[in-house]
Amino acid sequence: MSKTPQAIRGTQDIFGAEAEAFAHVVETFERVRRLYRFRRVEMPVFEKTEVFARSLGETTDVVSKEMYSFEDRGGESLTLRPEFTAGIARAYLTDGWRQYAPLKVATHGPLFRYERPQKGRYRQFHQLDAEVIGAAEPQADVELLAMADQLLKELGIADGVTLQLNTLGDGDSREAWRAALVDYFAAHRAQLSEDSQDRLKRNPLRILDSKDPRDRAFVADAPKIDDYLSGEAQDFFGAVTTGLDAAGVAWTREPSLVRGLDYYRHTAFEFVTDRLGAQGTVIGGGRYDGLMESLGGPATPAVGWAAGIERLAMLVGERGDSVADVVVVVEDDAQFARGIEAVTALRREGLSAELVASGSPRKRFDKAVKMGVGAIASISTADGAAKISVRADDTLAARIESLLR
RNA sequence: GCGAUCGUAGCUCAGUUGGUUAGAGCGCCGGUUUGUGGUACCGGAGGUCGCGGGUUCAAACCCCGUCGAUCGCCCCA
């Protein structure tokens, strides 16, 4: 007695209408990414653990408890990628991609994070990813955001999604702001939630988007990044916003929007919806000028975003399985070969075709009807010869009849 | 890692305060009816009630554990 093994927790077997929606998202992304001249890259699904440990920072939750890490047979510590950016950054350094800078690349595929599954969150999940590496100009941020905006529009879901935009300033601005936040929240430490008391050490910026009412009371009066921005950082952000306006991309300023990872600078953004419950971020990203150095490379400016394919697919909604252009029904088993000839001829002419030739012969036509197709060609025997009758609207029927003659 | 709700045929679900051989619809297979036809009827296959313990004369139902799902917290896209 053997039991059927279960799928791994947090993984999905995507099928039917959901799979069609998933494919639609990916196909739309591929089309849009070409319009913006982003080059397709394929990346390994796993990397040396240090690629993620060094880029994300040892103390982040992702690294400390959410990575799928293991030793290979040679004793090397490897990790299933929890995000795209670190691997792409590594490739930029190890593969000499600097010669193509500024480099615009795009990819998509599975990522892995050991988290508690819930709506829109899985242990194996899938993202679209776009990066511009080696471009310090705000124009790169604008182009990247315009691409994300067009993607949402072409998917028909832009109406329910808003672009929240913020700046974290340059490295000095960010540090000064961070220090001010720590001072401010430390003064109210006892009144903060337990989570935020902990965040004060680990990740003080995250207190700003805490959902706990005890924290929210203090967030409103917390130090604002705008008061710490250098003139240069202000100019940069101004250039991004005027660029977005010129590109017709709607945005709202969200001063409490931060990034969880330390390498982010300047632009930070999320496309957010309230239609997906707690996992409302559909695209997120920002500028990560500090990342390359953490991997031992030269200072290299870069911006990027990632989008959750499952979340986009949920917003797109079920798309329904595609139906065959023609169903060929073999009503008499003696005509089986004729049925195969028929579907072959149809498919070669670019018509999708399905063959129905099993089960109770007298119910085969009903089966075809239930498939909800536009055209049905049935093959029976009359006077010892194959008799083909086609049910479809006139032009299609004529085309099918000529193909099957 | 924490909390809440849930887990009965392939699917969607019934199953009354614990009480005989656990049901329906859809789907699947077959038969009859119809015969250019999405009809109607009949029959069939398919379930150790997620899994493992416990309480009881008796458990799908009560208790404990476990696995999984869902929705939050955390984290994050």
Side-chain angles (χ1 to χ4, degrees), chain A residues 1 3-13 15-16 25 56 59-67 81-85 108 110-123 125-130 148 161 164 193-196 198-199 202-203 205-207 209-213 215 257-261 264 268-273 276-286 304-315 327 329 331 358-380 382 387-392 397:
Chain A
M1 285 286 272
K3 275 189 181 171
T4 305
Q6 299 296 298
I8 294 170
R9 178 168 207 196
T11 63
Q12 326 167 69
D13 303 311
F15 173 80
V25 169
L56 299 177
T59 59
T60 60
D61 272 20
V62 173
V63 171
S64 59
K65 47 192 182 195
E66 293 180 0
M67 294 204 307
R81 63 186 180 197
E83 59 145 32
F84 276 115
T85 307
H108 64 86
L111 293 309
F112 305 85
R113 241 119 105 161
Y114 192 86
E115 296 184 284
R116 188 75 169 260
Q118 62 188 68
K119 186 184 180 105
R121 194 173 83 178
Y122 305 93
R123 287 183 174 178
F125 58 105
H126 302 79
Q127 287 187 342
L128 313 171
D129 186 87
V161 180
Q164 301 184 342
S193 67
E194 296 75 20
D195 281 333
S196 284
D198 190 40
R199 279 191 275 241
R202 266 179 28 249
N203 200 351
L205 302 199
R206 278 286 169 188
I207 300 176
D209 54 13
S210 167
K211 291 166 187 163
D212 194 302
D215 300 330
L257 175 72
V258 295
R259 303 277 75 199
L261 307 175
Y264 283 99
F269 56 86
E270 288 182 9
F271 288 83
V272 182
T273 178
L276 292 178
Q279 310 296 325
T281 299
V282 116
I283 299 177
W305 56 248
I309 300 178
E310 287 87 352
R311 295 181 190 179
L312 290 172
M314 280 190 271
L315 290 178
V327 172
V329 180
E331 293 198 273
S358 64
S360 172
R362 63 192 329 170
K363 285 185 180 169
R364 289 178 194 175
F365 192 92
D366 289 340
K367 193 189 265 184
V369 168
K370 279 186 186 168
M371 292 167 95
V373 288
I376 298 173
S378 65
I379 306 177
S380 54
K387 180 186 175 224
I388 299 176
S389 45
V390 177
R391 186 175 102 169

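In this text the structure is predicted, and so the values were computed from the model without any measurement. A note on names: the letters A, B, ... follow the listed sequences, proteins ahead of strands, and every chain is numbered from 1.
Looking at residues two or more places apart in sequence or on another chain, you find a side-chain hydrogen bond (donor to acceptor under 3.5 Å, both in side chains) between A:Thr85 and A:Glu131. Listed by chain and number, the residues in a side chain to side chain contact (heavy atoms under 4.5 Å, CB included) with A:Ser389 are A:Ser378 (sequence neighbours excluded). Looking at residues two or more places apart in sequence or on another chain, you find a side chain to side chain contact (heavy atoms under 4.5 Å, CB included) between A:Pro361 and A:Arg364. Partners of A:Lys65 under the salt bridge (charged side-chain N to carboxylate O under 4.0 Å, His left out) rule, at least two apart in sequence or in another chain, are A:Asp61. By the side-chain hydrogen bond (donor to acceptor under 3.5 Å, both in side chains) test, A:Thr281 pairs with A:Glu270, sequence neighbours left out. Partners of A:Gln127 under the side-chain hydrogen bond (donor to acceptor under 3.5 Å, both in side chains) rule, at least two apart in sequence or in another chain, do not exist in this structure. Contacts of A:Arg121 classified as salt bridge (charged side-chain N to carboxylate O under 4.0 Å, His left out), with partners at least two apart in sequence or in another chain: A:Glu115. Scanning for salt bridge (charged side-chain N to carboxylate O under 4.0 Å, His left out) contacts around A:Asp209 gives A:Arg206, with sequence neighbours left out. Partners of A:Arg391 under the salt bridge (charged side-chain N to carboxylate O under 4.0 Å, His left out) rule, at least two apart in sequence or in another chain, do not exist in this structure.
Comparing the P positions of B:A45 and B:A22 gives an interatomic distance of 15 Å, to the nearest angstrom. Taking the P atom of each, B:G50 and B:G44 are spaced 26 Å apart, rounded to whole Å. When the C1' atom is used for both B:C57 and B:U8, the distance is 25 Å, rounded to whole Å. Here, B:C2 and B:A9 have their P atoms 29 Å apart, quoted to the whole Å. With P as the reference atom, B:G7 and B:C61 are 11 Å apart, rounded to whole Å. With both ends at atom C1', the span from B:C41 to B:A4 equals 48 Å, rounded to whole Å. When the C1' atom is compared between B:G68 and B:G52, the two are found 15 Å apart, to the nearest whole Å. On the P atoms, B:C11 is 14 Å away from B:C51, given to the nearest whole Å.
Taking atom CG on A:Asp198 and atom P on B:C2, their separation rounds to 16 Å, with Å as the unit. Atom pair A:Arg364:CZ and B:G35:C1' shows a separation of 16 Å (rounding to whole Å applied). Taking atom CG of residue A:Asp366 and atom P of nucleotide B:U39, one finds them 6 Å apart after rounding to whole Å. Atom CG of A:Asp13 and atom P of B:A69 are 11 Å apart (whole Å).
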Given the rule that a pair is Watson-Crick or G-U wobble with both distances under 3.5 Å, how would you write RNA chain B in dot-bracket, using | for pairs to a different strand?
(((((((..((((.....[...)))).(((((.......))))).....(((((..]....))))))))))))....
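Contacts of A:Lys387 with the nucleic acid, taken as non-hydrogen atoms under 4.0 Å apart, include base atoms. Among the atoms of the strands shown, only primed sugar atoms or phosphate atoms (P, OP1, OP2) are found under 4.0 Å from some heavy atom of A:Gly10. Residue-level contact check: A:Arg391 touches the bases, meaning some heavy atom is under 4.0 Å from a base atom.
The backbone N or O of A:Ser193 sits less than 3.5 Å from a side-chain atom of A:Asp215, completing a donor-acceptor pair.
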Can you give one letter per nucleotide of nucleotides 8-13 of chain B, going 5' to 3': B for a protein heavy atom under 4.0 Å from the base, S for sugar-phosphate only, - for none?
------
Which letters describe nucleotides 71-77 of chain B, given B = protein heavy atom under 4.0 Å from base, S = only from sugar-phosphate, - = neither?
SBBBBSB
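In this structure, the side chains of A:Val25 and A:His108 stay at 4.5 Å or more apart for every pair of heavy atoms.
When the side-chain nitrogen and oxygen atoms of A:Lys370 are compared with OP1 and OP2 of B:G37, none of them lie within a distance under 4.0 Å.
Across the interface with RNA chain B, nearest-nucleotide mapping of A:Phe365 and A:Thr11 shows A:Phe365 to be the residue nearer the 5′ end.
Nearest heavy atom pair, residue A:Ala148 against residue A:Ile283, reads CB-CD1, 4.0 Å.
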